[in-house]
Structure formats: structure tokens, C-alpha cells
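Okay, structure first, notes after.
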There are 2 protein chains.
Amino acid sequence: MEYTIKQVAKLSGVTQRALRHYEQVGLLSPRRKSGSGYRIYGKEDLVRLQQILFYRELNLGLSTIKSICLDPDFDLESALTEQKRLLQEKRDQLDRLLLTLEHTLQERKGERMMTDQERFEGFKRQLVEENEKQYGKEVRERYGKETAQRANAQMMGMDESAYNEFTALGEKLLEKLSEAAKLGDPTSVSAMEVARMHKRWLGYTWGEYSAEAHRNLVQMYVDDERFASYYQGNAEFLRDAVHHFLDNN
Amino acid sequence: MEYTIKQVAKLSGVTQRALRHYEQVGLLSPRRKSGSGYRIYGKEDLVRLQQILFYRELNLGLSTIKSICLDPDFDLESALTEQKRLLQEKRDQLDRLLLTLEHTLQERKGERMMTDQERFEGFKRQLVEENEKQYGKEVRERYGKETAQRANAQMMGMDESAYNEFTALGEKLLEKLSEAAKLGDPTSVSAMEVARMHKRWLGYTWGEYSAEAHRNLVQMYVDDERFASYYQGNAEFLRDAVHHFLDNN
DNA sequence: ATACACCTTGACGCAACGTCAAGGTCAACA
DNA sequence: TGTTGACCTTGACGTTGCGTCAAGGTGTAT
């Protein structure tokens with residue numbers, strides 16, 4: 001089943017402009033384009049769009065959503081479970097707000113006194129949550145990499161040994177990266193080795209490989225704090241190395 | 001009890017920048033400024049801020065909130081009741097979303113099939129609601145002017161006869177306005193009379209009068225559809241008349 | 001062949017702030 | 001009395017997530 005942009009817009013309630021915008025920022029690209037350049041979306045794109053909307057409902061920024069969805073550890077089922085928890089939290093929050101409102105009404109009628117703090121109960125908590133969400137710490141910490149990775153591996157049809165290779169490669173990558181980074185030259189031979197390893201590592205989860213996506217991903221490692229810290233401050237080095245690697249094919 | 005901007009920010013969870021912004025757009029001005037220009041907020045300002053936050057939670061734009069709060073017919077108690085209803089609606093919406101999420105999870109586990117429409121149930125309804133809210137039709141229609149006006153009058157300490165004068169003046173204003181508008185000249189003598197009447201009319205509800213607020217208000221009559229229609233297409237004329245009136249003191 | 005609804009890519013606009021920058025204020029403490 | 005340090009001020013430019021044209025290509029139906 002394929003859909004034009006108008007059909008997707010009508011189906012999802014998202015405007016055409018928004019869909020184009022999502023493509024521009026690399027968040028949701030149609031599965032293909034017609035001969036004359038028309039966008040053609042597929043079922044997978046609808047699933048992705050739904051994900052985007054759920055996250056947006058939780059007030060995540062598009063760039064944050066992007067990094068979540070492009071993360072090799074992304075697993076739809078864990079994501080849905082997490083979204084459920086967060087949406088429930090949001091609903092509870094709304095309930096607190098309604099309580100505050102009720103109190104304010106009572107105060108108005110002279111049936112109750114309110115302190116200044118009480119007047120803003122239900123608004124403030126939100127801010128803390130938003131911050132936590134922005135950096136997605138909760139999302140990450142709640143499921144150790146292990147679970148999500150395994151789920152993902154299964155979905156990609158890896159067997160136990162392939163999975164072990166995958167994780168081993170991931171660890172080795174981290175090692176080699178910090179070694180190479182110490183030398184400081186992202187064009188060095190060892191840096192190129194790291195870049196090649198990274199590409200191989202992505203191969204385990206990335207059905208099809210594209211240099212552009214690879215470039216974007218490592219750029220994201222730099223932009224997104226979570227990745228940056230996962231790569232222990234070597235995200236920039238990794239980016240430069242991979243870019244240089246890809247430049248020289 | 002008075003508060004500096006920092007205290008208000010801490011109390012409410014709103015940033016200082018946002019508070020300054022609210023002042024800039026004429027939404028929330030501190031009750032006074034200290035000798036050295038420091039913003040000093042009072043209890044009334046906190047109540048107003050709470051109102052703003054409730055409306056923001058409902059995704060109303062600042063300009064819409066402004067017109068609601070500056071409306072001579074604004075009544076806190078009706079507003080709170082209405083907010084309660086809308087927030088409850090929003091919570092129900094969240095529940096629908098959670099249902100969709102649950103269905104998607106089940107689909108993932110192969111326990112259920114989903115149509116494309118179902119996948120976006122709970123998102124789309126939102127759009128319609130947002131539109132209705134934007135123009136605040138519900139908010140207005142739910143309480144005829146009568147109720148709110150009476151409540152407001154009571155709060156301002158008007159007695160029955162003052163209230164009658166107030167409403168009579170309001171009606172006469174509409175009449176004279178449309179008469180004057182027919183002539184087309186907003187600087188005419190009859191236009192100036194209308195402007196003076198409008199000022200007098202505001203006097204009933206405005207505690208203290210300020211020319212700037214008056215200018216803003218009539219500008220809003222033009223910008224906001226609801227007022228524009230209340231003044232039967234003569235909002236622009238009224239604005240020009242009042243501005244000219246104020247220019248010539 | 002022309003009408004019509006659809007699509008494309010710019011490019012500018014806008015709301016609601018975030019984020020400096022440059023400088024004034026004020027209570028406290030040496 | 002001078003000097004921190006925390007607070008405040010007013011610009012002014014930046015960012016996000018689109019909305020809203022504008023100018024033009026596409027596709028099918030009559």
C-alpha cells in the first residue's frame with residue numbers, strides 16, 4: 001500500500017508542510033519518490049509517523065525524536081511501552097492540574113485558602129519532567145542497552161552468535177576509539193580503522209547502508225549529549241574520522 | 001505581599017524571560033516598578049499568571065489569552081469553570097491516545113490488526129478542538145454575555161442601577177457606532193462622541209483608565225474575530241475613531 | 001488543448017521564548 | 001568606603017516548528 005503526501009496528511013492529521021519539514025530535518029523520508037519527484041510513502045512510514053506524533057505529544061523536540069528513532073538500539077516495542085508510561089504520567093499531571101483548578105475555584109468562593117505555592121502546583125513539576133525528557137535519560141536508563149539491543153537483534157534476524165559478534169564489535173570499537181582519539185589525528189590510519197569498524201557495526205542493524213545516513217549519525221553523536229557521553233567525549237573525533245573515511249571512500 | 005521577578009519565576013516555574021515577554025505583549029504587567037525600574041509583582045499578578053498558565057496548557061496563543069483576559073466581560077469564576085471543562089476534555093483525549101497506543105502494542109505482538117485510520121485515532125480529533133479553542137467560540141457561547149457581565153458588575157461593586165446604566169450605555173454605543181461608521185469618517189464629530197462613549201463605558205469596569213490600554217483594546221477589537229463580529233464590522237472604524245480621539249486628547 | 005487538482009522547491013514570516021551582551025542596583029562585608 | 005556578588009534592567013539576535021505565499025511542473029479528464 002502506497003500513499004501520496006495528501007493521503008498521509010489526511011490520514012494522520014499532519015499538514016503536508018509538516019511532512020515536508022520532517023523530511024527536511026531527516027526525521028521521516030518517504031520510502032521512494034516517483035519519476036517526477038512526487039513523494040510516495042509506505043506503511044513503514046506511517047508507523048514512523050505515529051511514533052513521531054507520540055513523542056511530540058510528550059513535547060520532545062524534533063531533533064531529540066530523530067536521535068531516538070535513528071539510534072541503532074531503537075526498538076519499537078520498548079518505545080511504545082515507554083511512551084505509554086510517559087503518557088500516563090502526563091495524564092496524572094493533568095489530574096493534579098485539575099485539582100489545583102478545583103482549589104482555586106473553592107478559594108474564589110471563599111471556601112478555602114491557598115498558598116502561593118499551591119496556586120502553581122501541577123505546573124512546576126512539568127518543567128522537571130520536560131528536562132528529563134529532553135535528554136531522554138529516563139528513556140535510556142529504564143531499559144539497559146542490553147534489553148533493547150537484544151530485541152533489536154532478534155528483529156533483524158540475528159542468531160546468538162551474530163549477536164555476540166555484534167556486541168563484541170561494539171566494545172572493541174569503544175576501545176579502539178579512545179586509543180585513536182588519544183593520538184589526536186582523525187585522519188590517522190588507526191582512526192580510519194575505527195571508522196571502518198563503525199560502519200561494520202552499523203551493518204548489523206542497518207538493513208541497507210548509506211554514506212549520508214552514516215554522516216548524519218556521527219554528527220548526531222556530537223549534537224546529542226547522550227551519545228556524546230556514551231562515546232566518552234570522543235564523539236567529535238569519531239565524526240571527523242568517519243567523515244574523512246567517507247570522503248576518501 | 002510583593003515579589004521580585006525572580007521570586008515569581010521560582011514560585012510559578014515560569015522563566016524570567018517569559019515574564020518579561022508577557023509584559024512586552026501586554027499580557028501581564030507587574031503592579032508597579034520600583035524607583036530603579038525593578039519589576040514588582042503583587043498577588044493579583046499571581047492570579048493572572050495562573051490564568052495564563054491554565055490557558056497555555058490548553059494551547060491557546062498569547063494573543064488569544066490576552067483578549068480573553070482584557071475583555072470587559074471577563075469573569076474569573078466562569079473562566080475557571082470553563083478551563084476545568086476543557087482540561088477534562090484534554091484528559092479524555094489523552095485517554096484515547098493511550099488506547100491507540102495500547103492497540104499498537106497489541107498489533108506489534110500480533111494480537112490485533114489495525115487500519116491506517118486507527119493508527120492515528122486520538123491525534124486527529126485534537127486538531128478540530130484546537131481550532132475551536134483558537135477562536136474561543138465555545139468559551140463565549142457557553143455563557144451568554146449576561147451572566148458574565150452581571151458577575152463582573154457585582155465584583156466591581158456596581159449596584160442594580162449602575163449595572164443598568166452600564167448595559168444601556170453599551171447598547172447605545174453599538175447604535176451610535178454603526179451610525180457614525182456609515183458616514184465613513186472616523187475623525188468626524190459623531191465619531192469622537194462614540195469614542196468618548198466607549199471610554200465612559202470602559203470606566204464602569206476598568207478601575208483605572210489608561211490611554212495606552214484603551215488603544216490596545218480597540219486594536220484588539222480589530223485583530224480578534226470575536227470582537228470584530230461583535231462590533232458588526234465596525235471594529236476598524238472604532239479603532240480609528242478612538243485613536244484619533246486620544247491623539248487630540 | 002485546456003482545465004483542474006495535484007505535486008514540487010524555495011523563501012520569507014511568525015510565535016514564544018532562549019541566550020547572550022552591556023550595564024545599572026543593592027545589601028553585605030572588609 | 002570601596003568592592004564583591006547576586007540581583008535587576010533593556011536591547012538584540014537566534015531557534016524551533018511549522019504557516020503561508022509564489023512560481024512552476026504533472027497527470028488525467030473532458
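Computed from a prediction, not measured in an experiment: that's the story for all the values here.
Between C/dT19 and B/R17, no contact under 4.0 Å exists linking OP1 or OP2 to a side-chain N or O. Residue A/R56 has a polar side-chain atom (N or O) positioned under 4.0 Å from OP1 or OP2 of D/dC18. Within the 4.0 Å cut-off from OP1 or OP2 of D/dC8, at least one side-chain nitrogen or oxygen of B/T4 is found. At the phosphate of C/dC17, OP1 or OP2 sits under 4.0 Å from a side-chain N or O atom of B/Y22.
Side-chain atoms of B/Q83 and B/Q51 form a donor-acceptor pair, as typed in the model, at a separation below 3.5 Å. Donor-acceptor pairing under 3.5 Å is lacking for the side chains of B/D45 and B/Y3.
Residue B/K33 places its side chain closer to D/dT10 than to any other of C/dT25, D/dT10, C/dT8. Across D/dG19, D/dG27, D/dT10, the shortest atom-to-atom separation from the side chain of A/T15 is found for D/dG19. Ranking D/dC8, D/dT9, D/dC18 by closeness to the B/R39 side chain, first place goes to D/dT9.
Between the CD1 atom of A/I40 and the C1' atom of D/dG27 there is a distance of 13 Å, given to the nearest Å. Atom P of nucleotide C/dG10 and atom CZ of A/R20 are separated by 12 Å, given to the nearest angstrom. Atom NZ of A/K66 and atom P of D/dG17 are 12 Å apart (whole Å). Atom CG in B/N59 sits roughly 12 Å away from atom P in D/dC18 (whole-Å rounding). At whole-Å resolution of the value, CD in B/E2 and C1' in D/dC7 are 17 Å apart. In this structure, B/L53 places its CG atom 14 Å from C1' of C/dC17, rounding to the nearest Å. Rounded to whole angstrom, the span from the CG atom of A/L19 across to the C1' atom of C/dT8 amounts to 14 Å. If you take CD of B/Q24 and C1' of C/dG18, they are 13 Å apart, rounded to a whole angstrom.
Salt-bridge formation is detected for the pair B/R85/B/E89: a Lys NZ or Arg NE/NH1/NH2 atom is positioned less than 4.0 Å from an Asp or Glu carboxylate oxygen. Remark: A/K84 engages B/E102 in a salt bridge, criterion side-chain N to carboxylate O under 4.0 Å.
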Practice prompt. Determine, step by step, whether B/D95 and B/L98 satisfy the side-chain contact (heavy atoms from CB on, under 4.5 Å) criterion, reporting the C-alpha distance in whole Å, the side-chain angles of both residues, the deciding distance to 0.1 Å, and the verdict.
Written response: CA-CA 5 Å; B/D95 282 335; B/L98 274 164; 4.3 Å; yes
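With hydrogens and angles ignored, no donor-acceptor pair closer than 3.5 Å exists between the side chain of A/Y38 and the base of D/dG27.
Contacts of A/S34 with the nucleic acid, taken as non-hydrogen atoms under 4.0 Å apart, are absent.
Both B/K6 and B/E23 sit near DNA chain D, but only B/K6 has its closest nucleotide nearer the 5' end. Heavy-atom distances to DNA chain C give each of B/L62 and B/S36 a nearest nucleotide, and the one nearer the 5′ end belongs to B/L62.
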